[in-house]
Amino acid sequence: MQKILVTGALGQIGTELVMKLREVYGADQVIATDLKSSAHEITRSGPFELLDVTNDKAMFDIANKYQVDTVIHLAALLSATAEEKPLLAWNLNMGGLMNALEVSRELGCQFFTPSSIGAFGPTTPKDNTPQDTIQRPNTMYGVNKVSGELLCDYYFHKYGLDTRGLRFPGLISYMTPPGGGTTDYAVEIYYAAVTAGKYTSYIAKDTNMDMMYMPDALEAIIDLMEADSSRLSHRNSFNVTAMSVDPEAIAAEIRKQMPDFTLDYQIDPVRQGIAESWPHSIDATAAKTEWGFKAQYDLEAMTKDMLVQLGKKGE
Ligand code: NAD
């Protein structure tokens, strides 16, 4: 990776990833793009361009203008929003991905896009979900993610394009709010703990899902992209995770720092339904053995850091 184009850069992952990539590879080397602009630091700390990823010509022109050698494609509609707007989700998630793959093929770029635990479905084994297993998701987001994994594999086999990807669990961060996913509760709960001392969860007790703290997700992207290609046999869909938790487990950890924190429930049937179709915990052995994946933050370490950082933000 030397000159990197990032799509969807103003989202939850993109804002932090662009800052990190600019630190590691140089500010001018990372071209941040998004549908809309904002006052966020990434629009000022290096190149920023407006880009609608469904516009293939505009994407090619920007990639060509900066002579990028890497495309990190993040623009997408997330699971809960995709369920509300399935047609938009298909057009954005599949159309944007196809454009990004084509631009990468034409310019010979290395390519990364995230998949998700949403790529699994109700018939997938739920505990210690294997790397290679049944994938019959029943959500539009899941259909998009499985199709995306297959499409990226196809571009590797057909054209030799260096495509790579991770199946992210719910990502937790204190910097940018999440963008309409099923695991958003696990971010909201920390904000609510700091601001109100209580939280009403839309996900039910005992609904375990995988999660990971954002610093580990950023490290994982860079480590996978820098890994020796010959060691990768899975390429586009590595299971990665740091913890499997339900709302009670997070609340119990928060109470270690804030004993008066209270949690109650008002279940959202749509997001609960999506959560129930996903694994309880996934097996990240392939990522560990093929490119050395290791998460630094468990629930305890993440909770401590989240509460400290959000406390500082509120000061
Ligand atoms: P997000 O919703 O926070 O951000 C998406 C960004 O894409 C937004 O800034 C939005 O403005 C932009 N965008 C929307 N439509 C666009 C278009 N037509 N053209 C260009 N940009 C457009 O999403 P995120 O959480 O940063 O997720 C990024 C990727 O990671 C997605 O593929 C998502 O499926 C995947 N992922 C995220 C998580 C998570 O917990 N955040 C977990 C698993 C996978």
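Keep in mind the model is a prediction, meaning the values are calculated, not measured. Both ligands and their constituent atoms are indexed starting at 1 by order of listing. Atom set for the values below is all heavy atoms of this structure, side chains included, hydrogens, waters and symmetry mates excluded.
A salt bridge links Lys304 with Glu300; the closest basic N to acidic carboxylate O contact falls under 4.0 Å. A salt bridge links Asp61 with Lys57: the closest approach of a Lys/Arg side-chain nitrogen to an acidic carboxylate oxygen falls below 4.0 angstrom. Electrostatic pairing of Asp34 and Lys36 does not count as a salt bridge here, judged by no charged N lying under 4.0 Å from a carboxylate O.
Considering backbone and side-chain atoms together, Thr183 places no N or O closer than 3.5 Å to any N or O of ligand 1. Looking at ligand 1, you'll find an N or O of Asp34 within less than 3.5 Å of one of its N or O atoms. Some N or O of Tyr141 is nearer than 3.5 Å to an N or O of ligand 1, by distance alone. Residue Leu171 places at least one N or O, backbone or side chain, under 3.5 Å from an N or O of ligand 1. Considering both main-chain and side-chain atoms, Leu78 never comes within under 3.5 Å of ligand 1 through any nitrogen or oxygen pair. The shortest N or O to N or O distance between Pro178 and ligand 1 is not below 3.5 Å. Among the atoms of Thr54, none of the N or O lies under 3.5 angstrom from an N or O of ligand 1.
The minimum heavy-atom distance between Leu161 and Cys109, with the atom names listed, is CD1-O, 3.3 Å. Leu224 approaches Arg164 most closely through the heavy-atom pair O-NH1, 2.7 Å. Summarising the geometry of Met59 relative to Val53, their closest heavy-atom pair is CE-O, 3.5 Å, with the distance given to 0.1 Å.
Taking all heavy atoms of Thr113, Ile117, Ile172, Leu74 into account, the minimum distance to atom 29 (C) of ligand 1 is reached by Leu74. The heavy atom nearest to atom 18 (N) of ligand 1, considering only Asp210, Asp52, Thr33, Thr81, is found in Asp52.
Summary of contacts: the protein heavy atom closest to atom 4 (O) of ligand 1 is Gly11 CA, 3.1 Å. Among all protein heavy atoms, the one lying closest to atom 19 (N) of ligand 1 is Val53 N, 2.9 Å. Scanning the protein for heavy atoms near atom 43 (C) of ligand 1, the closest one is Phe168 CB, 3.3 Å. Taking atom 44 (C) of ligand 1 as the reference point, the nearest protein heavy-atom neighbour is Ser115 O, 3.3 Å. Among all protein heavy atoms, the one lying closest to atom 26 (O) of ligand 1 is Ile13 N, 2.9 Å. For atom 5 (C) of ligand 1, the closest heavy atom belonging to the protein is Ala76 O, 4.0 Å. The shortest contact between atom 32 (O) of ligand 1 and any protein heavy atom is with Lys145 NZ, 2.9 Å. Counting only heavy atoms of the protein, atom 3 (O) of ligand 1 lies nearest to Gln12 N, 2.8 Å.
Ring-plane geometry between Phe238 and His234 is classed as perpendicular, the angle between the planes exceeding 60 degrees on a 0 to 90 degree scale with a lower cut at 30. Ring geometry for Trp278 versus Tyr141: interplanar angle of 30 to 60°, hence tilted. Ring planes of Tyr174 and Tyr213: tilted class, angle from 30 to 60°.
For the atom pair OH (Tyr25) and CD1 (Ile222), the distance works out to 5.0 Å, reported to the nearest 0.5 Å.
Contact annotation for Ala9 and ligand 1: no heavy atom of the residue comes within less than 4.0 Å of the ligand. The part of Leu92 lying near ligand 1 is the side chain, judged by heavy-atom distances below 4.0 Å. At a heavy-atom distance under 4.0 Å, no atom of Arg167 approaches ligand 1.
Within ligand 1, the atoms closer than 4.0 Å to a non-hydrogen atom of Leu10 are 9 (O), numbered from 1 in the order shown. Within the listing of ligand 1, atoms 19 (N), 20 (C) sit less than 4.0 angstrom from a heavy atom of Leu51. For ligand 1 and Ser116, the ligand atoms under 4.0 Å from any heavy atom of the residue are 43 (C), 44 (C). Atoms of ligand 1 found under 4.0 Å from any heavy atom of Ala75 (numbered from 1 in listed order, with element): 7 (O), 20 (C), 21 (N), 22 (C). Taking a cut-off of under 4.0 Å to the non-hydrogen atoms of Pro169, the atoms of ligand 1 that pass are 40 (O), 42 (C), 43 (C).
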Yes or no on salt bridge (Lys or Arg N to Asp or Glu O under 4.0 Å) for Arg105 and Glu102, after CA distance, side-chain angles and deciding distance? CA-CA 5 Å; Arg105 183 183 67 78; Glu102 271 298 290; 2.8 Å; yes
Hey, mind stepping through Lys3 and Asp28 against salt bridge (Lys or Arg N to Asp or Glu O under 4.0 Å) and telling me if it holds? CA-CA 8 Å; Lys3 198 108 190 175; Asp28 291 340; over 6 Å; no
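For the residue pair Glu16/Thr176, the side-chain donor-acceptor check at 3.5 Å is not satisfied.
The backbone N or O of Ile117 sits nowhere less than 3.5 Å from a side-chain atom of Arg167 that would complete a donor-acceptor pair. In this structure, the side chain of Tyr202 engages the main chain of Thr182 through a donor-acceptor pair within 3.5 Å.
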